[in-house]
Engineer: 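Here it is, the structure in full.
Throughout, protein chains are lettered first and strands after them, A, B, ... in sequence-line order, and every chain is numbered starting at 1.
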There are 2 protein chains.
Amino acid sequence: MVNTAATSASDRILEAAKRVFLLKGMAGARMQDIADEAGMNKAMLHYYFRNKEKLFDVIFREASSQFFPRIQSILDSELSLEEKIRKFCSEYIDLCLKNPYLPLFLLNEVNSKPEGFIKKLWKNKDSPFSQFSKAIAAASPGLHIQPGQAAHIFINMLSMCIFPCIARPIWMAANDMDESQFMRFMEQRKTEVPRFIIASITK
Amino acid sequence: MVNTAATSASDRILEAAKRVFLLKGMAGARMQDIADEAGMNKAMLHYYFRNKEKLFDVIFREASSQFFPRIQSILDSELSLEEKIRKFCSEYIDLCLKNPYLPLFLLNEVNSKPEGFIKKLWKNKDSPFSQFSKAIAAASPGLHIQPGQAAHIFINMLSMCIFPCIARPIWMAANDMDESQFMRFMEQRKTEVPRFIIASITK
DNA sequence: GTCTATAACTCGATAGAC
DNA sequence: GTCTATCGAGTTATAGAC
């Protein structure tokens, strides 16, 4: 009744938790930080999410689903291979620029999970990765793609889109870049990376 | 006198600290874990390194100097550009395979350092990154390298060598790989990545 | 130098008033 | 639902015997 504010308490907690967890990770985050960020006190976090781990799980799942499934929809589209590559690079570079802490957060937390856990991210379905690899292989007639190379091409694409964003502080410092120079550099990459990939394939 | 063992106490602490810090990061590591790993008790860690932060700093510096300066020596060599690329990829893939937690550890901790800190890694010298970029630009006569592309080529190379190692758990799960299959995949990349880069340049 | 014991503190979690 | 107060476990760090 009273809470006609833009967001409910639990939503404000989730937003705050996302900021703090993505920045500091599970181990580095403090419930107090999240409470401060959300403008309320610790007891509220426990009232809504019971404990830190459950709150973290919600954030982790949300972050995962924001990052991984996009691959699928691009894959399923009716575009040509070259168009798929262009679209993929453009979307993933944008995603990383708009969520600077997302990739490193996911890589970290996946690394600290027990073995079997990761496979559950894709349940019984094929992983988007292996599907994309197959799509590249299938689209290869006329191109110079050797069997077994599809996987390399795919992870090359992922690497060139994502890595510069996670190495951003080092890259900026090493090249004396400011914020806007880095942004321009990454904008260039939306065309440079596809050009690079396609050149190496069609040579 | 007595300690004719292979390693001194402080060395054993450093080795243990490296394992624990690289695996769990500053926030996730426990002094008790390090003590256990080193086969002694917590008081010893404080005796030799005063506190957790100072111990961490030693590890961080060592890890940094293990990772970054190699670029320089390859750059300074008298090899052709193509040979430099091949050597760089081969060495960095090996480095990452032999130190699986090193790249993610550095990326994480660099991200959580205050702004100005990073530049101090290269003191007053040019960063190896910008130097390598210049070398690629200088070696470009006869190749199809546009001005401003050198930086892209260089970070492409870094990305394709390092990223697959930090995304290893996801990549293995997504492709149903076991340990030895992944190792073979990365061995292939020592030639695949240079081939990929050179193809895109000489097209 | 090395160990045990413990102080000092941080942090997640709960109890209970409103 | 929201807040204050506090408990109790876990951690860093130190004191002090040997």
Side-chain angles (χ1 to χ4, degrees), chain A residues 1-63 101 105 108-109 112-114, chain B residues 1-63 101 105 108-109 112-114:
Chain A
M1 298 297 177
V2 179
N3 197 347
T4 44
T7 50
S8 68
S10 105
D11 283 347
R12 270 184 297 144
I13 294 173
L14 285 173
E15 284 164 28
K18 184 168 185 179
R19 279 193 293 275
V20 174
F21 277 133
L22 288 219
L23 195 59
K24 309 203 177 181
M26 172 63 173
R30 300 287 159 250
M31 293 296 266
Q32 185 65 60
D33 300 339
I34 298 173
D36 293 348
E37 191 83 10
M40 48 185 89
N41 64 63
K42 285 187 295 177
M44 290 289 280
L45 311 190
H46 288 95
Y47 176 77
Y48 281 102
F49 296 94
R50 189 165 172 79
N51 61 36
K52 185 181 177 182
E53 202 182 329
K54 285 189 169 48
L55 177 54
F56 178 83
D57 257 30
V58 175
I59 302 301
F60 179 76
R61 273 170 220 286
E62 190 193 305
Y101 301 107
F105 169 79
N108 274 320
E109 303 302 335
S112 61
K113 300 272 180 190
Chain B
M1 299 292 175
V2 179
N3 196 349
T4 44
T7 51
S8 69
S10 102
D11 283 346
R12 270 183 298 143
I13 293 172
L14 285 173
E15 285 164 27
K18 183 168 185 178
R19 279 193 294 274
V20 174
F21 277 133
L22 287 221
L23 195 58
K24 309 203 177 181
M26 172 63 172
R30 300 286 160 249
M31 294 295 266
Q32 185 64 60
D33 299 340
I34 299 174
D36 292 348
E37 191 86 3
M40 49 185 88
N41 64 63
K42 287 185 293 177
M44 290 288 280
L45 311 190
H46 288 96
Y47 176 78
Y48 281 102
F49 296 93
R50 190 162 173 79
N51 61 36
K52 184 180 176 181
E53 202 182 330
K54 285 190 168 47
L55 178 54
F56 178 83
D57 257 31
V58 176
I59 302 302
F60 179 74
R61 274 171 217 286
E62 191 195 304
Y101 301 107
F105 169 79
N108 273 322
E109 303 301 336
S112 62
K113 299 272 181 192

Engineer: Rounded off to whole Å, could you give me the CD-to-C1' distance for the B:Q32 and C:dT10 pair?
Structural biologist: 17 Å
Engineer: Using side-chain contact (heavy atoms from CB on, under 4.5 Å), reason through A:M40 and A:I13 one step at a time and then give a plain yes or no.
Structural biologist: CA-CA 9 Å; A:M40 48 185 89; A:I13 294 173; 3.7 Å; yes
Engineer: Sequence neighbours excluded and cut-off under 3.5 Å, please list the side-chain donor-acceptor pairs for residues 17-28 of chain B, or say none.
Structural biologist:
unit_1 : atom_1 : unit_2 : atom_2 : d
B:K18  : NZ     : B:E62  : OE2    : 3.4
B:K18  : NZ     : B:Q66  : OE1    : 2.9
B:R19  : NE     : B:E37  : OE2    : 2.7

Engineer: Check the distance between C:dA8's C1' and B:M31's CE and give it to me in whole angstrom.
Structural biologist: 16 Å
Engineer: For the side chain of B:M40, starting at C-beta, report the closest nucleotide among D:dT12, C:dC3, D:dT2.
Structural biologist: C:dC3
Engineer: Near DNA chain D, counting only heavy atoms under 4.0 Å, which residues of residues 41-53 of chain A show up?
Structural biologist: A:N41, A:A43, A:M44, A:Y47, A:Y48
Engineer: Look at the side-chain N and O atoms of B:R30 and state whether any lies under 4.0 Å from the OP1 or OP2 oxygen of D:dG10.
Structural biologist: no
Engineer: In whole angstrom, give the distance that lies between atom CD1 of B:I13 and atom C1' of C:dG1.
Structural biologist: 11 Å
Engineer: Does A:A35 reach a base, just sugar-phosphate, or nothing at all? Heavy atoms under 4.0 Å.
Structural biologist: nothing
Engineer: Could you check whether atom NZ of B:K54 has more than 12 heavy atoms from other residues, nucleotides or ligands sitting under 6.0 Å from it?
Structural biologist: no
Engineer: Where is the tightest heavy-atom contact between A:N51 and A:H46, given as atom of each residue plus distance?
Structural biologist: CA-CD2, 4.0 Å
Engineer: Evaluate whether atom CZ of A:F49 has more than 12 neighbouring non-hydrogen atoms of other residues, nucleotides or ligands under 6.0 angstrom away.
Structural biologist: yes
Engineer: Starting from P on C:dC11, measure out to CD1 on A:I34 and report it in whole angstrom.
Structural biologist: 12 Å
Engineer: Is the number of heavy atoms from other residues, nucleotides or ligands under 6.0 Å of A:F60 CZ greater than 12?
Structural biologist: yes
